[in-house]
Amino acid sequence: MKRRDFLKYQLHGALWLAAGASGLVSAESLFAEAAPDVAVVKGAPGAATRAAVELLGGMKAFVKPGQRVVIKPNMSFPHPVERGSNTHPEVVTALAAMCKEAGASRVLVLDHPLSSAERCLEQSGIREACQAIEEDMVHAFTSPSFYREADIPKGEDMKRNQVMRDVLEADVLIAAPTAKSHSSAGVSLSLKGMMGLILDRGVMHGRHELDEAIVDLASLLKADLTVIDSSYVLTTGGPSGPGKVIKADTVIASRDMVAADATCVASFEWYGRTFKPQQVNHIRRAAERGLGRLDIENLHTRTLTL
Amino acid sequence: MQTRRAPGRSGPARLRNKRLRLPRPRAQRLVQALSLTLFLGLLAAAFANLASPVAENLFLRLDPLVALGTALSARDFPAGIVPGLLVLALAPLLGRLFCGWVCPMGATVDCADALLARRRRLPGSLRQVKYWLLALVLGSALLGVSLVFLAAPMPLLTRLWGLVAYPLAALSMEKALPLMRPVADALDIRTLLFLEIRAPLFATMGFVAVFFGLVFAASRLSPRFWCRYVCPAGASLALLSRRPVWRRRVSEKCIECGKCQRACPMQAIADDPHATRHGECILCRVCAGVCPTGAIDFPVSLPVLDSQIAQPTMAGRRAVLAAGATGAAGLVVGGLGLAAPLQAATVRPPGSAPEDEFLSRCMRCGQCALACPTNIIQPVWFSSGVLGVFSPGLTPVRGFCDPHCHQCGKACPTLAIRPLPLQERVWAKLGTAEVNRETCLAWKDKKKCLVCDEVCPYGAVELKPEPGNPVYVPHVDEKRCAGCGYCEHFCPVRPARAIRVGSKNQIRLSSGSLQSAAQATGLSLSLKQDKTWGIPAGSDEHGLPPGFSPLEESGTPGAGSEPLPPGFSPLEPEPAGGKPSS
Ligand code: SF4
């Protein structure tokens, strides 16, 4: 993203906030009442991301000054954003900018690519976009030296794996997946996305039961904030595409990974049909194992259109 | 470097004049050092995929034996070998200047000599070995078989530095990096913090190391052992260096003390110290440096007195012919039996010429392997026949072949691998992947996996429902599969991957468009086409797309007879697991 565009959407977010303060959007309803469990905002990716996080109480509620933050987007395919296999760069930059504003000492954007790291970083547009905020923020690690063996205390099937050391050392973890289908897990959202922070994801297919291992991993890498970029929803042919892409221009945010994923499943069509979150096995198992809630009908969801 | 003999062992000290104490011939050392540095720098650039203003494979192209052997065996003069032909063409004028001043193999051997060299008396007839080798290489090249790799110096040296020394250096740096992490972290030096060092490993590394161990150990026998006795590229220059224009001359000041004979690293000075074996002389001018009377100089002049030429034993010439014949005959016999691949054809890098042509062009320098950013290119042992040894093959276990990358084509000087424009590159059909249903997790264990589908850049892995199996299973669409090896690389099954690329239906051309050839056989190797078949037809079991399960209780809203997509399951009686709403 060009710096100018970046400023533009920053401005967009600011305008929206100003609108809120001036009563165009009821300020009370935004900030006075308790933060909702899930925020669903329709609008341009950057502005919608800002708005969604504000609805949840603002980035200050998640990031304290001096903390280290890792943002985990999808950027492990060398494809442009319209294909729906990577997170929208503007969602990532909005999050990174908010973290810096909240006083984070170090913000890193990390993923483990499934193709040439260089081309993934370039084609996804995320590295270039983040340059506008800070140099050298975005990395796609493939060398084992960036990973460290970690126990998964709550793991039922998978009890160990090698996790990116910068993730283990981070104070705050933000999941920023793109909404997409997945040929074996049904969908790939925040829970499944954590597989991009480990070295050996092969064992999650081979040695372990995939759905169970996804939940095991999410019990260790539990995101403090989940922001699902649903600007381009890849509804078939995921995770790499190409497949049917719906331009939904939506951002779904929650403190609860399971609730965010569940909301996303229920919000869009998949393979041309609608599904309940519990029809995706790993999301159901995550809820059963207490990682979060999928009974979205009982959750407080705030919806907003910018 | 040539060892300096203990000065003054022969002759009284008063004979030592200034000349003796002069530093070693500086110009030669300087040029040699620059040349080695350039060689190493270019190789490092290729190794690290850095852009270089000079062709990274320059030195390979300067090798006269590579040029001669390839031209003969491939019956072609690719532009890449022109520099080597120039070196040959200049030999009648400059003699073996290349060996003494330019060749990084010579410089490397000189380094080993500096540490190890001893002088022993070796029979002069040993010198003929190099002519025999040259004859063998050229004789077989005439028959279309390239044995350049046996002893051509630049390919060998490229393998030493590029496939052994650099990877080991990179590996130790990779191991050392984490030690610096605390400092980098505290000071937030991100370049250091996130420095990722590519440490590729190569098959046959051990062989190359042992081979060069022997080459270096030979320093104990004589300085420049390799150049004196073995190097067939040197031999080819020697044959052309009978009367070089720039050459050693001995004046009447010579007192025949014999110092120059003993100091000459190449034994290029005959029994009569006035005469020079110009075919052996590498113009290092060490002799001029040690001569106590300053009788030796190296002028540039046209006429040569025959008395100043020590004729190489004519056996050298005869050997050439004899060995050529023997080599050729031997190859006809041996080649027939041994050249046959031991297993199905090797999967070669994209743009590789048809196998016979490929082997006649490939000099096994490893430049493609060291330039490959994913390490998928590996020297093979005997999978493509005894004569295919060390040629590059694809080993997807170590990497994947990125359809946008063609570093190997850029690296190859002899067009064994043709450089392809990106549009063509995507259409390179390297082979075809095949699923092993006996080991595939989805086929055998009915487990969710399908990593192959996830990673395939061509969208060639089709997921299809299989009766009695709750998960979708992978099928390879051969028309879309390019053999790039992503699936094999990422497949989690061990020890052998459950999906493997073989050479089946590979398309290899010496010229013309790969795209047209592929399309002519009905292939469709596109990176962009939709994976529409991801949506299931809808049987009882597979009413759902991959990953979805049916809603388990009938009557639950949303659950119907309608089949479910992959990864989704039917709804259970109650929404499971949710904490009660507060
Ligand atoms: S990646 Fe390997 S094990 Fe997994 S589905 Fe594909 S072939 Fe089978």
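Note on naming: letters A, B, ... go to the chains in the order of the sequence lines (proteins, then strands), and numbering restarts at 1 for each one.
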Go through the steps for B:L527 and A:H79 under the test side chain to side chain contact (heavy atoms under 4.5 Å, CB included), then give the verdict.
-> CA-CA 10 Å; B:L527 303 178; A:H79 303 148; over 6 Å; no
Side chain from CB out, backbone as N, CA, C, O: work out which of these in A:I296 comes under 4.5 Å of a heavy atom of chain B, or both, or neither.
-> neither
Select one option (side chain, backbone, both, neither) describing which atoms of A:F146 are under 4.5 Å from chain B's heavy atoms.
-> side chain
Minimal heavy-atom distance between A:G238 and B:D453, with the atoms involved, is O-OD2, 4.2 Å
Test side chain to side chain contact (heavy atoms under 4.5 Å, CB included) applied to B:E454 and A:F77, step by step | CA-CA 10 Å; B:E454 184 170 0; A:F77 293 101; 4.0 Å; yes
Whatever's closer than 4.5 Å to a heavy atom in chain B on A:R148 counts as neither
Part of A:A140 within contact of chain B (heavy atom distance under 4.5 Å) | backbone
Portion of A:Q123 that has a non-hydrogen atom of chain B nearer than 4.5 angstrom | neither
Any sub-3.5 Å donor-acceptor pair from B:E196's side-chain atoms to A:S143's backbone N or O?
-> yes
Just do the side chain to side chain contact (heavy atoms under 4.5 Å, CB included) check on B:K447 and A:E209 with the steps written out, would you?
-> CA-CA 7 Å; B:K447 281 177 83 169; A:E209 207 52 62; 3.9 Å; yes
Worked verdict on A:D166 versus B:F194 for side chain to side chain contact (heavy atoms under 4.5 Å, CB included) = CA-CA 10 Å; A:D166 290 284; B:F194 299 122; 3.7 Å; yes
A:S85 portion near chain B, given a 4.5 angstrom heavy-atom threshold = neither
Checking A:E118 against chain B: side chain, backbone, both or neither under 4.5 Å from a heavy atom?
-> neither
Could you look at A:R106 and say if it's the side chain, the backbone, both or neither that has a heavy atom under 4.5 Å from chain B?
-> both
Does any heavy atom of chain B fall under 4.5 Å from the side chain of A:H182, the backbone, both, or neither of them?
-> both
Checking A:R83 against chain B: side chain, backbone, both or neither under 4.5 Å from a heavy atom?
-> side chain
Distance in Å, A:L210 CG paired with B:L441 CG, rounded so as to fall on 0.5 Å steps = 10.5 Å
Could you look at A:V258 and say if it's the side chain, the backbone, both or neither that has a heavy atom under 4.5 Å from chain B?
-> neither
Does any heavy atom of chain B fall under 4.5 Å from the side chain of A:D200, the backbone, both, or neither of them?
-> neither
